[in-house]
Amino acid sequence: MKRFILSALAALLCSFALNGQELSPETLAKREARKNLTVKEWNTDARTKTRWLDRETTYDSQGRKVEVIEYASYGQKWRETYEYGENGRVAKEVEYDDRNKPVRVRKYEWNSDGTKKKQYNYAPNGKLLSVKVFEYIFSE
């Protein structure tokens with residue numbers, strides 16, 4: 001019961017902190033279930049029964065995805081980290097190569113309704129490479 005009350009209080013405080021840009025109840029529920037979670041995905045070769053780690057996803061104490069590592073037979077294939085803004089949504093993603101060197105940085109702006117507004121793509125040295133603008137068109 002205490003855990004439920006604390007969870008409800010945390011969700012309520014989180015919604016106040018979002019400055020009018022509330023996360024959906026589904027998103028909040030998913031985050032609650034993923035607090036401090038690490039998910040490892042394993043593959044097994046059908047013929048040889050050899051097993052290897054394929055992907056590892058790590059979530060923080062607030063249930064937000066903070067890191068994904070994709071593996072290959074030789075080790076790390078790539079890694080991606082996530083940082084969150086005041087609105088509770090992803091503000092920055094950094095992609096790393098197999099040698100753990102940054103190869104791409106993406107920063108995001110969000111609309112007040114929670115949809116993506118812009119995505120800025122940067123080189124590791126900070127040079128702006130491109131800007132993606134999201135347009136939402138509803139059909140009748």
Side-chain angles (χ1 to χ4, degrees):
M1 184 68 173
K2 268 186 174 178
R3 183 176 169 96
F4 175 77
I5 293 171
L6 289 174
S7 297
L9 182 59
L12 182 62
L13 289 174
C14 182
S15 67
F16 283 124
L18 296 179
N19 299 325
Q21 296 182 353
E22 294 184 26
L23 297 173
S24 71
E26 295 82 15
T27 299
L28 292 173
K30 285 179 184 177
R31 285 188 179 179
E32 181 65 29
R34 292 179 177 160
K35 287 183 176 180
N36 299 313
L37 178 67
T38 298
V39 178
K40 292 185 176 185
E41 300 174 34
W42 296 87
N43 277 325
T44 304
D45 184 280
R47 188 175 51 83
T48 65
K49 306 298 184 219
T50 304
R51 183 178 167 199
W52 67 93
L53 183 60
D54 183 50
R55 180 177 284 204
E56 184 174 343
T57 304
T58 305
Y59 299 87
D60 67 8
S61 62
Q62 296 179 36
R64 303 174 304 189
K65 182 173 24 176
V66 292
E67 182 178 61
V68 176
I69 304 172
E70 180 84 18
Y71 293 97
S73 59
Y74 54 84
Q76 179 180 305
K77 191 173 181 180
W78 56 263
R79 178 172 78 98
E80 201 164 65
T81 60
Y82 305 87
E83 296 176 20
Y84 294 81
E86 293 176 10
N87 62 4
R89 293 180 172 75
V90 175
K92 180 179 176 183
E93 296 176 358
V94 180
E95 186 181 331
Y96 300 85
D97 66 11
D98 60 339
R99 294 179 306 243
N100 217 27
K101 290 187 175 185
V103 293
R104 183 177 303 116
V105 177
R106 291 181 289 274
K107 294 183 180 179
Y108 296 97
E109 285 183 20
W110 297 85
N111 293 311
S112 60
D113 65 357
T115 57
K116 286 182 186 174
K117 182 177 182 177
K118 290 183 182 179
Q119 174 183 318
Y120 299 90
N121 300 298
Y122 295 90
N125 64 5
K127 180 181 178 186
L128 180 63
L129 299 173
S130 65
V131 178
K132 182 188 289 188
V133 177
F134 295 84
E135 180 179 4
Y136 300 88
I137 302 168
F138 295 96
S139 301
E140 290 182 29

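Positions are given from 1 along the sequence.
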Evaluate Phe134 against Thr115 for side-chain contact (heavy atoms from CB on, under 4.5 Å), listing each step before the verdict. CA-CA 8 Å; Phe134 295 84; Thr115 57; over 6 Å; no
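Between the Trp110 side chain and the Lys118 main chain, no donor and acceptor come within less than 3.5 Å of each other. Under the 3.5 Å distance criterion, the side-chain polar atoms of Asn111 are left unmatched by any main-chain donor or acceptor of Gly114.
At least one side-chain heavy atom of Lys65 sits under 4.5 Å from a side-chain heavy atom of Thr57. At least one side-chain heavy atom of Val90 sits less than 4.5 Å from a side-chain heavy atom of Tyr84.
Clustering of Ile, Leu, Val, Met, Phe, Trp and Tyr by side-chain heavy atoms under 4.5 Å joins Tyr120 with Val94, Tyr96, Val105, Tyr122, Leu128, Val131, Val133.
The structure places CG of Asn43 at 10.5 Å from CZ of Arg55, a figure rounded to the nearest 0.5 Å. Rounded to the nearest 0.5 angstrom, Asp98 CG and Glu70 CD are separated by 12.5 Å. Note that CG of Asn36 and OH of Tyr59 are 12.5 Å apart. Values are rounded to the nearest 0.5 Å. Interatomic distance, Arg64 CZ to Gln62 CD, rounded to the nearest 0.5 Å: 4.0 Å. To the nearest 0.5 Å, the span separating CG on Leu53 from CD on Glu41 amounts to 8.5 Å. Asp60 CG to Arg31 CZ: the interatomic distance, rounded to the nearest 0.5 Å, is 8.0 Å.
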Can you give the donor-acceptor pairs under 3.5 Å from side chains of residues 23-30 to other protein atoms, not counting sequence neighbours?
unit_1: Ser24; atom_1: OG; unit_2: Glu26; atom_2: OE1; d: 3.4
unit_1: Ser24; atom_1: OG; unit_2: Thr27; atom_2: N; d: 3.1
unit_1: Ser24; atom_1: OG; unit_2: Thr27; atom_2: OG1; d: 2.9

Output side-chain donor-acceptor pairs under 3.5 Å for residues 71-78, partner residues at least two apart or in another chain, one line each.
unit_1: Tyr71; atom_1: OH; unit_2: Glu56; atom_2: OE1; d: 3.4
unit_1: Gln76; atom_1: NE2; unit_2: Asp97; atom_2: O; d: 3.0
unit_1: Gln76; atom_1: NE2; unit_2: Asn100; atom_2: OD1; d: 3.4

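By the neighbour-count criterion of 12 heavy atoms within 6.0 Å, atom NZ of Lys117 is sparsely surrounded, having that number or fewer from other residues, nucleotides or ligands.
Ion pairing of Arg79 with Glu67 is present here, as a side-chain N (NZ or NE/NH1/NH2) and a carboxylate O approach within less than 4.0 Å. Between Glu95 and Arg106 there is a salt bridge, since a side-chain N of the basic residue sits under 4.0 Å from a carboxylate O of the acidic one.
Clustering ILVMFWY residues whenever any of their side-chain heavy atoms sit less than 4.5 angstrom apart, transitively, puts Tyr108 in the very cluster that holds Tyr82.
Side-chain polar atoms of Asn121 and Gln119 form a donor-acceptor pair below 3.5 angstrom.
The two residues Ala91 and Gly85 come nearest to each other via the heavy atoms CB-N, 3.7 Å.
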